[in-house]
There are 2 protein chains.
Amino acid sequence: MNDSPRWLDEKESRAWRGYQALRRDLDSTLERRLSRDSGLSAADYQLLVVLSETEGQRLRARELRNEVRWDRSRLAHQVRRMEQRGLLLRTECETDARGTMVELTPEGRRAIEDAAPLHLVAVRNYFIDLLTPEELDVLAAIAERVRAKVGDEGCDE
Amino acid sequence: MNDSPRWLDEKESRAWRGYQALRRDLDSTLERRLSRDSGLSAADYQLLVVLSETEGQRLRARELRNEVRWDRSRLAHQVRRMEQRGLLLRTECETDARGTMVELTPEGRRAIEDAAPLHLVAVRNYFIDLLTPEELDVLAAIAERVRAKVGDEGCDE
DNA sequence: GGATGAAGGCTGACGTGTCAACAACGCGCT
DNA sequence: AGCGCGTTGTTGACACGTCAGCCTTCATCC
């Protein structure tokens, strides 16, 4: 029971505060642009990308969840909202009566095809093109290591 | 009007996907731990930290907003909820009748003092201690550069 | 076949974040 | 004083995310 743990030193603090600021500013900028340019949220975009890259433009909800790593509830809410907007639709799964198939509508396909190039430009402009090749590698390595650490503890489903 | 922009190559894609996964997994892990350990959300924590580091444990809402870089509405909602929980309270500003002072309650002070050491351990365990000194520097540099880029365009207030 | 438990998915409640509209105040001007 | 305008903060509506609880269906075992 030691109530004075090891605090962050100068270098550590810069990195930690930097990460937090990066997360806040970059994500909000990209989401705002995506919303203005294409009327899509980041969550919309993510589902549309996965479905549009899938053979047949349809996936079982369970598979879709594995792709984006959401929980059941979040996907159910998001799919319901997107179905109401006409971006996708739900049908029954033929092989398992518990399952639900999620399918891209032509409208959803058009939405992602319009949005993707614009979003890519924004990602480059505000992030990727600002980094050197070495920095790209470091970032990927960091992400991999951290995910391995949090993965073997918070491993739910 | 070129609809086939420059896509991300292998290295860029690893970095970009890595960042997105990092953001998702690290943040959700830290927030979940904070909530379980201390009953605080990330937003709660942020406000409590700023107030607890302030002389007199109180700040004008405008200053508090500048510290955490939120917009008016978000702060107003968050403060209202935290006031209902007894973590802080609002009083009138003596020098400007438009203003609102936000003040830490003893309960709020106790909450942040209990939470901070636990949160620090989690930040080290899941993130900072996993990085080499060089990686800390690279991360800080990346964050600085990206923020400079998004800052001079999305500069609202 | 019937019971039991796991898996898949849905819903409602609540906290959170964003946007637009609004009210109240300060400040400068005439 | 009165007007105009920017600043400050609040509110309501809605989208988003998490949690707990629920129902249906599948798989297993008796």
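Throughout, protein chains are lettered first and strands after them, A, B, ... in sequence-line order, and every chain is numbered starting at 1.
In this structure, a donor-acceptor pair under 3.5 Å is present between the side chains of A:Y19 and B:D27. No donor-acceptor contact under 3.5 angstrom links the side chains of B:R17 and B:Q20, judged on distance only.
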Review item, nucleotides 14-17 of chain C N/O atoms under 3.5 Å of protein N/O:
from: C:dT16; atom 1: OP1; to: B:S41; atom 2: OG; distance (Å): 3.0
from: C:dT16; atom 1: OP2; to: B:R81; atom 2: NE; distance (Å): 2.6
from: C:dG17; atom 1: OP1; to: B:R74; atom 2: NH2; distance (Å): 2.9
from: C:dG17; atom 1: OP2; to: B:R74; atom 2: NE; distance (Å): 3.4

Show the distances under 3.5 angstrom between N or O atoms of the protein and N or O atoms of nucleotides 1-5 of chain C.
none

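D:dG12 atom C1' lies 15 Å from atom CG of B:D71, rounded to whole Å. As rounded to whole Å, 8 Å separates atom P of C:dA7 from atom CZ of A:R72. Rounded to a whole Å, the CG atom of B:L34 is 15 Å from the C1' atom of D:dT18. One can place CD of A:Q46 at 13 Å from C1' of D:dC16, the figure rounded to the nearest angstrom. Between A:R80 atom CZ and D:dG17 atom P the separation is 12 Å, expressed in whole Å. For the pair B:E31 CD and D:dG17 P, the computed distance is 12 Å after rounding to whole Å. In this structure, A:E94 atom CD and D:dT25 atom P are separated by 16 Å, rounded to whole Å. We find that CZ of A:R69 is positioned 17 Å from P of D:dG17, with the value rounded to whole Å.
Judged as a side-chain contact (heavy atoms from CB on, under 4.5 Å), and not counting sequence neighbours, the contacts of B:R109 are B:S52, B:Q57, B:L104, B:E113. Every residue two or more places apart in sequence or in another chain that forms a side-chain contact (heavy atoms from CB on, under 4.5 Å) with A:E53 is listed here: A:V49. For B:E134, the side chain to side chain donor-acceptor pair (under 3.5 Å) partners at least two apart in sequence or on another chain are B:T132. Applying the salt bridge (Lys or Arg N to Asp or Glu O under 4.0 Å) rule to A:R60 yields the partners A:D96; only residues at least two apart in sequence or on another chain are considered. The side-chain contact (heavy atoms from CB on, under 4.5 Å) search around B:L118 returns B:D37, B:S38, not counting sequence neighbours.
Mapping A:A42 and B:R36 onto DNA chain D by nearest heavy atom places A:A42 at the nucleotide closer to the 5' end. Each of A:A76 and B:D96 was assigned the nucleotide of DNA chain C with the nearest heavy atom; the assignment lying further toward the 5' end belongs to A:A76.
We find that B:E92 and B:R58 are not joined by a salt bridge, their nearest charged nitrogen and carboxylate oxygen being 4.0 Å or further apart. A salt bridge links A:K11 to B:D137: at least one charged side-chain nitrogen sits closer than 4.0 Å to a carboxylate oxygen. Between B:D44 and B:R85, at least one side-chain N (NZ, or NE/NH1/NH2) sits under 4.0 Å from a carboxylate O, which counts as a salt bridge.
Less than 4.0 Å separates DNA chain D from at least one heavy atom of each of the following residues of residues 57-64 of chain B: B:R60, B:A61, B:R62. Of all the residues in residues 98-108 of chain B, B:R98, B:G99, B:T100 reach under 4.0 Å from DNA chain D with at least one non-hydrogen atom.
For residues 46-68 of chain A, no pair satisfies ring pair (Phe, Tyr, Trp, His ring centres under 6.0 Å), with sequence neighbours left out. Sorted by first then second residue, the ring pair (Phe, Tyr, Trp, His ring centres under 6.0 Å) pairs that include residues 80-124 of chain B, not counting sequence neighbours, are B:Y45-B:H119. Sequence neighbours left out, not one pair with a member in residues 73-101 of chain A passes ring pair (Phe, Tyr, Trp, His ring centres under 6.0 Å).
Residue side chain A:S35 does not reach the base of C:dT18 through any donor-acceptor N/O pair under 3.5 Å, judged by distance alone.
If you take CG on A:L88 and CG on A:L48, they are separated by 6.5 Å, rounding to the nearest 0.5 Å.
Residue A:R24 is classed as having no contact, given no heavy-atom separation below 4.0 Å to the nucleic acid.
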